[in-house]
Amino acid sequence: MRIAIANDHAGHDLKVALAARAQALGHTVVDLGPAEAGPVDYPIYAHRVARQVATGAVDRGVLVCGTGIGMSIAANRHRGVRAALCHDAFTAEAARRHNDANVLCLGGRTTAVAVALQILDIFLATDFEGGRHERRVQRIETEEEP
Ligand code: RB5
């Protein structure tokens, strides 16, 4: 898969580890920055990755800030983007199976590197379950009462 990845200053080190892992798994990694490790505003990078996912330029996105919260809030402003903040194997698997999440958000200050790598592996390897979840995922975009 093609995977866009980005971070803010609190997510830099974890982003580097995640990018290396995704590459080692055979994926094409598109690193959208920042180029330097200094302080940056996370929404800029969340929007960069989300735009790539929303337009179909990449298959998945990965975003890392201090908690993963700001990145997920910003990325989810984009139609068609389902950004999931994951903390463990269970949430990573559910994000894919139930929510068809296409952007993984992680916290560089909240999640250990080994756990984050496990989360990434699951996020990239797990298929969407479909069925009843298909209808629910579609309703995320419509906002209409049934
Ligand atoms: C940066 O200090 C921090 O606010 C940011 O990385 C992120 O955790 C925001 O959600």
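Counting starts at 1 for both ligands and their atoms, in listed order.
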Note: Met71, heavy atoms under 4.0 Å from ligand 1, region reported as neither
Check each heavy atom of Cys65 against ligand 1 and say whether those closer than 4.0 Å belong to the side chain, the backbone, both or neither.
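Both of them.
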Non-hydrogen protein atom less than 4.0 angstrom from atom 10 (O) of ligand 1
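Looking at atom 10 (O) of ligand 1, one finds that a protein heavy atom does lie closer than 4.0 Å.
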Considering non-hydrogen atoms of the protein only, which is the closest contact for [atom], and what is the distance?
atom	value
atom 8 (O) of ligand 1	Thr67 N, 3.0 Å
atom 4 (O) of ligand 1	Tyr42 CE2, 4.6 Å
atom 2 (O) of ligand 1	Arg109 NH1, 3.2 Å
atom 1 (C) of ligand 1	His9 NE2, 3.5 Å

Do Val103 and Ile69 share a hydrophobic cluster (ILVMFWY, side-chain heavy atoms under 4.5 Å, transitive)?
no
Give the numbers and elements of all ligand 1 atoms closer than 4.0 Å to a heavy atom of Ala10.
6 (O)
Quick check on contacts: which atoms of ligand 1 are under 4.0 angstrom from a heavy atom of Gly66?
5 (C), 6 (O), 7 (C), 8 (O)
So is there a nitrogen or oxygen of Asp8 less than 3.5 Å from a nitrogen or oxygen in ligand 1?
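Looking only at distances, the answer is yes, because the N/O contact criterion of under 3.5 Å is met.
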Close side-chain approach of Arg96 to Ile122, heavy-atom, < 4.5 Å:
no
Any chance you could lay out the side-chain contact (heavy atoms from CB on, under 4.5 Å) test for Val64 and Met71, step after step, and finish with the verdict?
CA-CA 7 Å; Val64 192; Met71 288 293 200; 6.0 Å; no
So, the side chain of Asn102 versus the backbone of Arg82: is there a donor-acceptor pair under 3.5 Å, distance only?
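Yes, Asn102 side chain to Arg82 backbone: donor-acceptor pair under 3.5 Å.
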Determine whether a donor-acceptor pair (N or O, by modelled atom type, separation under 3.5 Å) exists between the side chain of Arg2 and the backbone of His27.
no
Shortest non-hydrogen separation from Phe123 to Gly61 and the atoms involved
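Nearest pair, atom of Phe123 first, then Gly61: CE2-O, 4.2 Å.
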Over 12 non-hydrogen atoms of neighbours within 6.0 angstrom of CD in Glu36:
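No, not enclosed.
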